[in-house]
Visitor: 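Before I ask anything, here is the structure I am working with.
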Amino acid sequence: MTDYAPLQSSSRNDIAVAAYVTPIGWMLAMIVRDIKNDRSDFTTFHLRQSLGLSLLEIFSYVLFYYLVDAWLLAQFAIIILFLFAVVGINSARVGRRRYQPFLGKLYHNLFTFI
């Protein structure tokens, strides 16, 4: 499901894109959002989506690589999740709120503390 928000300001887009880049980018996006006192739905939405995606990436890597010892499945999962991150970055860049495939609504409801 796609929820289109009106185009956001460039600053909000930059914060949302930074959240997807690395865990450090996610932390910086949180800090900048708090410093600017910009708790908009747009930045919060993308922070939640990127946190869920990052945690799923870590979980799948540990599960497939260390517990199941299926390194090929681990690499496949990482590639798929990377593509999901690209979708998130693109939607943040153009100023739209688009849930991540399959688990995006769960991320949005689970991470309400952000």
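This structure is a prediction, so every number in the text was calculated from the model and none was measured. Throughout, residue positions are numbered sequentially from 1 according to the sequence presented.
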Visitor: Do you know which two heavy atoms are closest between G52 and F111, and how far apart they sit?
Guide: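 Reported closest heavy-atom pair: CA-CE1, 3.4 Å.
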
Visitor: State the CZ-CG distance between F84 and L103, to the nearest 0.5 angstrom.
Guide: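 The distance works out to 8.0 Å.
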
Visitor: Treating N90 as the side-chain partner and V86 as the backbone partner, does any N or O pair qualify as donor plus acceptor under 3.5 Å?
Guide: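 Checked: no pair found.
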
Visitor: Taking W26 for the side chain and L47 for the main chain, is one N or O donor matched with an acceptor at less than 3.5 Å?
Guide: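 Checking the backbone N and O of L47 against the side chain of W26, a donor-acceptor pair under 3.5 Å is found.
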
Visitor: Shortest non-hydrogen contact from H46 to S91?
Guide: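 Of all heavy-atom pairs spanning H46 and S91, the closest is CE1-OG, 3.4 Å.
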
Visitor: Using a cut-off of 6.0 Å, state whether more than 12 heavy atoms not belonging to I24 lie near its atom CD1.
Guide: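 No.
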
Visitor: Roughly how far, to the nearest 0.5 Å, is NZ of K36 from CD1 of I31?
Guide: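 Between atom CD1 of I31 and atom NZ of K36 there are 13.5 Å.
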
Visitor: Looking at L81 and S60, what are the two nearest heavy atoms and their distance?
Guide: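 Here L81 and S60 meet closest at CD1-OG, 3.6 Å.
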
Visitor: Would you say R33 and S40 are linked by a side-chain donor-acceptor pair, where the criterion is simply a distance under 3.5 Å?
Guide: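 Absent: no donor and acceptor within the cut-off.
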
Visitor: May I ask whether L56 and F76 are part of the same hydrophobic cluster, defined by side-chain heavy atoms of I, L, V, M, F, W, Y residues being less than 4.5 angstrom apart, directly or through others?
Guide: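 Both belong to a single hydrophobic cluster.
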
Visitor: Consider only side-chain heavy atoms of I, L, V, M, F, W and Y, link residues closer than 4.5 Å, and tell whether I35 and M27 are in one cluster.
Guide: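 I35 does not cluster with M27.
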
Visitor: If we only count heavy atoms from C-beta on, is the F82 to E57 side-chain gap below 4.5 Å?
Guide: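 No, too far: nothing below the 4.5 Å cut-off.
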
Visitor: Tell me the closest heavy-atom pair linking Y20 and Q49, and the distance in Å.
Guide: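 Result for this residue pair: OH-CB, 3.4 Å.
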
Visitor: Between I79 and L73, is there a shared hydrophobic cluster once you connect ILVMFWY residues whose side-chain heavy atoms come closer than 4.5 Å?
Guide: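 I79 and L73: separate clusters.
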
Visitor: What's the shortest heavy-atom distance between F42 and G95, and which atoms?
Guide: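 Looking at all heavy atoms of both residues, the closest pair is CE1-C, 3.5 Å.
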
Visitor: Would you confirm whether the ring centroid of F45 sits within less than 6.0 angstrom of the ring centroid of Y99?
Guide: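 For Y99 and F45, the ring centres are under 6.0 Å apart.
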
Visitor: For a quick test of reading the model, state the closest non-hydrogen atom pair linking R12 to T43 and the distance between them.
Guide: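 Minimum heavy-atom separation between R12 and T43: O-CG2, 3.8 Å.
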
Visitor: Any chance you could lay out the side chain to side chain contact (heavy atoms under 4.5 Å, CB included) test for N13 and R93, step after step, and finish with the verdict?
Guide: CA-CA 5 Å; N13 291 6; R93 185 183 57 81; 5.9 Å; no

Visitor: What's the spacing between D14 CG and L28 CG if we round to 0.5 Å?
Guide: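 Rounded to the nearest 0.5 Å, the CG-CG separation comes to 13.0 Å.
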
Visitor: To the nearest 0.5 Å, what is the distance between OG (S50) and CG (L55)?
Guide: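 With rounding to 0.5 Å, OG (S50) is 9.5 Å from CG (L55).
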
Visitor: Side-chain heavy atoms under 4.5 angstrom apart, residues restricted to Ile, Leu, Val, Met, Phe, Trp, Tyr: same cluster for I15 and F113?
Guide: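 Different hydrophobic clusters.
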
Visitor: If you round to the nearest 0.5 Å, how far is NE2 of H108 from CD1 of I114?
Guide: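 Rounded to the nearest 0.5 Å, the CD1-NE2 separation comes to 10.5 Å.
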
Visitor: How long is the span from the CG atom in L67 to the CZ atom in F59, to the nearest 0.5 Å?
Guide: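 It comes to 8.0 Å.
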
Visitor: Report whether V87 and I78 are members of the same hydrophobic cluster (ILVMFWY, side-chain heavy atoms less than 4.5 Å apart, transitive linking).
Guide: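 Per the 4.5 Å side-chain linkage, V87 and I78 are not co-clustered.
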
Visitor: Is there a side chain to side chain contact (heavy atoms under 4.5 Å, CB included) between Y107 and L51? Walk through the geometry before answering.
Guide: CA-CA 8 Å; Y107 300 154; L51 177 63; over 6 Å; no

